[in-house]
Engineer: 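This structure is in structure tokens; I'll ask about it shortly.
First listed ligand is number 1; within each ligand, the first listed atom is number 1. Reckoned from all heavy atoms, side chains included, excluding hydrogens, waters and symmetry mates.
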Amino acid sequence: MERLHAVAEVRERVTQWRRESRAVGLVPTMGNLHDGHLSLVREARRHCERVVVSVFVNPTQFGPGEDFDAYPRTLEADAERLREAGVEMLFAPTVEAMYPLGANRTWVEVDALGDHLCGADRPGHFRGVATVVSKLFNIVQPDVAVFGEKDFQQLAILRRMATELLFPIRIIGAPTAREADGLAMSSRNGFLTETERARAPLLQQHLQDARRAVEQGERDFRALEKRLTVSLADHGFEVDYLTVANADTLAPAGPDDRDLLIAAAARLGKPRLIDNLTLSLPAG
Ligand code: PAF
């Protein structure tokens with residue numbers, strides 16, 4: 001596995017792969033890799049002969065007071081895991097390489113889809129994500145890029161961006177990897193205390209409760225959201241949102257919507273956890 005830091009070196013290597021007609025897959029990450037990331041790598045491998053994993057803690061997607069400085073940086077351990085996983089290239093650029101003129105003035109922003117869910121509480125977050133992913137797409141020019149479905153809103157925004165900006169890249173969503181007790185894998189789980197860790201699967205369980213209620217005919221989604229939010233709060237979660245949304249627009253769902261996203265974000269002690277599930281109701 002090659003470990004590259006410079007944009008020009010990445011371009012050179014990918015150009016060589018293209019000459020050899022190799023399909024190239026990109027898995028963008030912020031590092032601190034866990035088994036969830038490795039499942040994204042395996043997904044990329046199913047489609048491509050050459051897999052690039054980028055590790056870059058992107059400053060522009062962190063708001064003031066968010067955990068940019070505290071975000072775990074574990075490049076040596078990440079490189080080891082990627083080598084074992086058979087990845088061809090680790091791209092770990094510096095902030096200066098990704099933001100060559102310092103304060104960034106060119107932004108990619110996807111309208112409307114960023115207004116709901118995590119976007120409502122984190123202004124500018126998805127603009128930072130879309131901008132850095134555009135940069136990575138321009139550098140690596142992959143055939144395929146893989147993102148986790150755990151970040152459903154991010155995936156929806158990046159799909160839209162790739163289509164509307166005419167990136168010739170197939171965006172693939174990979175299912176959320178989970179611990180044995182159902183907790184979605186996340187770099188932030190490491191911040192949970194033992195007691196919080198034992199409680200954390202309740203987030204997914206509440207989403208499943210919501211799905212069961214909807215399947216059984218509940219259509220007052222706002223009342224359902226309120227009920228489950230109170231229950232999560234009783235278990236010590238500080239809930240940012242628990243929402244039944246339209247899976248396409250990500251806006252709060254109405255009783256006639258059929259393709260639903262049930263998503264939640266909640267702080268449990270220090271870390272903010274997110275999770276979601278989707279649900280398609282039969283027509284009529
Ligand atoms: O999902 C992430 O880890 C980040 O948002 C991404 C896509 C790597 C962009 O920085």
Engineer: How far is atom 3 (O) of ligand 1 from its nearest protein heavy atom, and which residue and atom name does that atom have?
Structural biologist: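 Ranked first by proximity to atom 3 (O) of ligand 1 is M30 CG, 3.6 Å.
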
Engineer: Tell me which protein heavy atom sits closest to atom 1 (O) of ligand 1, plus the residue, atom name and distance to 0.1 Å.
Structural biologist: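 Checking every protein heavy atom, the shortest distance to atom 1 (O) of ligand 1 gives Q154 NE2, 2.8 Å.
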
Engineer: Any nitrogen or oxygen of T29, side chain or backbone, less than 3.5 Å from one on ligand 1?
Structural biologist: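 The answer is no, given that T29 and ligand 1 share no N or O pair closer than 3.5 Å.
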
Engineer: About how many Å separate CZ of R212 and CD of Q216, when rounded to the nearest 0.5 Å?
Structural biologist: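 Between atom CD of Q216 and atom CZ of R212 there are 7.5 Å.
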
Engineer: Kindly indicate, with the supporting measurements, whether the criterion side chain to side chain contact (heavy atoms under 4.5 Å, CB included) is fulfilled by F237 and T229.
Structural biologist: CA-CA 9 Å; F237 289 79; T229 299; over 6 Å; no

Engineer: Short list, please: which atoms of ligand 1 are under 4.0 Å from a heavy atom of P28?
Structural biologist: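 Once the distances to P28 are compared, the set is 8 (C).
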
Engineer: What atoms in ligand 1 come closer than 4.0 Å to a heavy atom of Q61?
Structural biologist: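 Selected atoms, number and element: 4 (C), 5 (O), 9 (C), 10 (O).
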
Engineer: Got a sec, which residues hit ring pair (Phe, Tyr, Trp, His ring centres under 6.0 Å) with H235, two or more places apart in sequence or on another chain?
Structural biologist: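 Scan of H235 (ring pair (Phe, Tyr, Trp, His ring centres under 6.0 Å), adjacent residues dropped) gives H206.
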
Engineer: Is any side-chain heavy atom of F68 closer than 4.5 Å to one of N58?
Structural biologist: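 Answer no - side chains too far apart.
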
Engineer: Identify, with sequence neighbours excluded, every residue that meets side chain to side chain contact (heavy atoms under 4.5 Å, CB included) alongside R45.
Structural biologist: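 Per chain and number, R45 pairs via side chain to side chain contact (heavy atoms under 4.5 Å, CB included) with V51, E88.
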
Engineer: Need the ligand 1 atom indices (1-based, order shown) with element for anything under 4.0 Å from a heavy-atom of V132.
Structural biologist: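 Every atom of ligand 1 under 4.0 Å from some heavy atom of V132: 9 (C), 10 (O).
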
